[in-house]
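Input: a single structure, listed below in structure tokens.
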Amino acid sequence: MHDFIRNLTWRGMIHDITPDLEAHLKKGMMSGYIGFDPTASSLHVGNLATIMLLKHFQLAGHKPIAVVGGATGMIGDPSFKAAERKFLSEEELSYNQSYIMKQLARFLDFSSGANSAELLNNIDWFQSMSFLKFLREVGKHVSVNYMMAKESVKRRLEDGISFTEFSYQLMQGYDFYYLYTSRGVRLQMGGADQWGNLTTGIELIRRKASEEAFALTTPLITKADGSKFGKSEQGNIWLDPTMTSPYEFYQFWLNCTDEDAIRLIKVFTLLDREVIEALIQAHAREPHQRILQKEIAKELTIRVHSEADYMQAAKTSELLFGRATPADLWSLGEKDFKIIFKSIPEIEISQADLNTMEHVIDLVASTGAGIMFNSKAEVRRAIQEGSLYVNKEKVTDPYQKPDFRLLQDKYLLVQRGKKHHYLIKVI
RNA sequence: GGGGGGAUGCCAGAGCGGCCAAAUGGGGCGGACUGUAAAUCCGUUGUCGUCAGACUUCGAAGGUUCGAAUCCUUCUCUCCCCA
């Protein structure tokens, strides 16, 4: 059983914390929760950082509760948002909820006895609450002045905020209060942007129950160059394998800069301090081995996806980026081939269509549209730049006939530069 | 209510009758160097075209002109100042 606060401090995962939390944690098992609004049908790597808070919390012997915001998701959190957001439809929300709950369930231990994790949905306690009851039970206890003083809504008070979004902090505050009264939860955690919402809950508990509650936030993860973390060219890195393939996911971590990797390994892996420090040293000795990146990529791919997905992603990376030659590509057995290329994008084309293609450029422009190329001109450029490969052989003439030999009698491996690949399947 | 700006490519921002598919910076992409890092450097960045060139872009619609992102009219949206 580790010391929760000390552990997080070392990992650089504490942004802000209410003063007496540490002392309270020492008294014995606490329950703590984090809320996740179902704004998308999958969590992304940014959410993973807060999930890690729950994970460490549980490993330290405390009881973690993940709350899906079925109700709060209907309102929309205005914290640090520049503008009012559009509502998600109820169908979307319930669709999203079910997926997010499934994902959250992967990360925590639900059968560890007293500190088993719990998964709740705040729609369960908000659904039956009437507007009048809410005003009398919740609204009465928090002054508008207090709510407006929050840094998180300051900008919106100037630019405009609807009553609905402004009420968000009361809902989140009530969640905390509800969890306190129904199961003794005294700690709420979250990202740094949530501080304002967390303290509203603490305030509500203090006023209504005259009890002390606590908050802890984790810093927003950014990249060393200041750009947003968790995005690739394609967009967000999601935890859902159908939205971000395990291979892309693996590659995302593998491509972290050294500077980022040193911070990320502490936040995203569960390795002990001694192990991590040793890895950092080893990495400093031979940075080209990218020990840290590999370790992060491995541990996370396994945790978020599976051991098999990790093996596959590593193998695929090896083949696509290693010193693999065209010959290696040809020598792959069908089974290996399928495993290795499982998670790179695949486009189908009929044999008949392929036969009508006069030039490679047409083939690549039509199949790669929206995947790697936006126009024929872009393909032409790629060929001029010498960055287009088919089956690992460089394409030099845009107008050569696309009569390539097919891999496994049905595939063509198209490559743009070093990092971008897709497969054309002839059917 | 009165007065004055502005709307340009992914973003920022020049251009203010022809030399403008539109400077410059950022971003993106590719390459070199490496380690599938970082930094740096080089190339590229509307579409179509086997590269000659053609076509569509500068808030929207009209107009002036041999010729408009650039001038005029109307409209839409924005920002600032005074009240």
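Here is the naming used below: chain letters follow the sequence lines, and residue numbers restart at 1 for every chain.
Between the C1' atom of B:G35 and the CZ atom of A:Arg285 lies a distance of 17 Å, rounded to the nearest Å. Straight-line distance from the CG atom of A:Leu292 to the C1' atom of B:A38: 14 Å, rounded to whole Å. Atom P of nucleotide B:U34 and atom CG of A:Asn255 are separated by 19 Å, given to the nearest angstrom. At whole-Å resolution of the value, CD in A:Gln415 and P in B:G30 are 11 Å apart. In this structure, A:Ile361 places its CD1 atom 12 Å from C1' of B:C51, rounding to the nearest Å. A:Ile371 has its CD1 atom 17 Å from the P atom of B:C29, to the nearest Å. In this structure, NE2 of A:His288 is placed 17 Å from P of B:A38, rounded to the nearest angstrom. One can place CG of A:Leu320 at 19 Å from P of B:G35, the figure rounded to the nearest angstrom.
With hydrogens and angles ignored, a donor-acceptor pair closer than 3.5 Å exists between the side chain of A:Gln251 and the base of B:U36.
Under the Watson-Crick or G-U wobble criterion, with both distances below 3.5 Å, B:G67 is left unpaired in every strand shown. Nucleotide B:G27: paired with B:U45 (Watson-Crick or G-U wobble, both distances less than 3.5 Å). Taking a pair to require two hydrogen-bonding distances under 3.5 Å in either a Watson-Crick or a G-U wobble arrangement, B:A37 remains unpaired. Using N1 to N3 plus N6-O4 or O6-N4 for Watson-Crick, or N1-O2 and O6-N3 for G-U wobble, each under 3.5 Å, B:G9 pairs with nothing. The partner of B:G59 is B:C75, by the rule that a Watson-Crick or G-U pair needs both atom distances under 3.5 Å.
Side chain of A:Thr217 to main chain of A:Asp16: a donor-acceptor pair is present (N/O by atom type, distance under 3.5 Å, no hydrogens or angles). Remark: the backbone N or O of A:Gly417 is paired with a side-chain donor or acceptor of A:Gln415 at under 3.5 angstrom. Within the 3.5 Å criterion, the main-chain N or O of A:Leu279 finds no donor-acceptor partner in the side chain of A:Glu295. Side-chain atoms of A:Ser245 never come within 3.5 Å of backbone atoms of A:Pro241 as a donor-acceptor pair (strictly under, hydrogens ignored). Of the possible polar contacts, none joining the A:Gln172 side chain to the A:Thr72 backbone as a donor-acceptor pair under 3.5 Å is found. Side-chain atoms of A:Thr257 come within 3.5 Å of backbone atoms of A:Asp260 as a donor-acceptor pair (strictly under, hydrogens ignored).
With A:Tyr99 as the aromatic partner, A:Lys102 meets the cation-pi criteria of under 6.0 angstrom to the ring centre and within 45 degrees of the ring axis.
Between A:His24 and A:Phe214, the ring-plane angle classifies as tilted under the 30° and 60° cut-offs. Relative orientation of the A:Phe57 and A:His62 rings is parallel, given thresholds of 30° and 60° on the angle between their planes.
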* To do: Can you check each nucleotide of nucleotides 41-49 of chain B against protein heavy atoms at under 4.0 Å and return B for base, S for sugar-phosphate only, - for none, in 5' to 3' order?
  => --BSS-SSB

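Spacing of P atoms, B:G27 relative to B:G17, comes out at 33 Å, to the nearest Å. Comparing the same atom, C1', in B:G6 and in B:G59 gives a spacing of 11 Å after rounding to whole Å. Across B:C11 and B:G46, the matching P atoms stand 14 Å from one another, rounded to whole Å. Of the C1' atoms belonging to B:U34 and B:C41, the separation is 13 Å, rounded to the nearest Å. A gap of 33 Å separates the C1' atoms of B:G63 and B:A12, to the nearest Å. Taking the P atom of each, B:G18 and B:C10 are spaced 25 Å apart, rounded to whole Å. The P atoms of B:U56 and B:A69 are separated by 12 Å, rounded to the nearest whole Å. Nucleotides B:A23 and B:G15 are separated by 13 Å at their P atoms, to the nearest Å.
Across all strands shown, A:Gln384 has heavy atoms under 4.0 Å from base atoms, whether or not it also approaches the sugar-phosphate. Residue contacts shown for A:Gln289 are absent, as no nucleic acid heavy atom lies under 4.0 Å away.
With B:G30, B:A38, B:U34 as the choices, the nucleotide that has an atom nearest any side-chain atom of A:Thr257 turns out to be B:A38. Counting only heavy atoms from C-beta on, A:Asp258 has its side chain closest to B:G35 among B:U36, B:G35, B:G30.
OP1 or OP2 of B:G30 sits under 4.0 Å from a side-chain N or O of A:His420. The phosphate of B:U34 has neither OP1 nor OP2 within less than 4.0 Å of any side-chain N or O from A:Lys418.
Each of A:His359 and A:Leu254 lies near RNA chain B, and the nucleotide nearest A:Leu254 is the one positioned closer to the 5' end.
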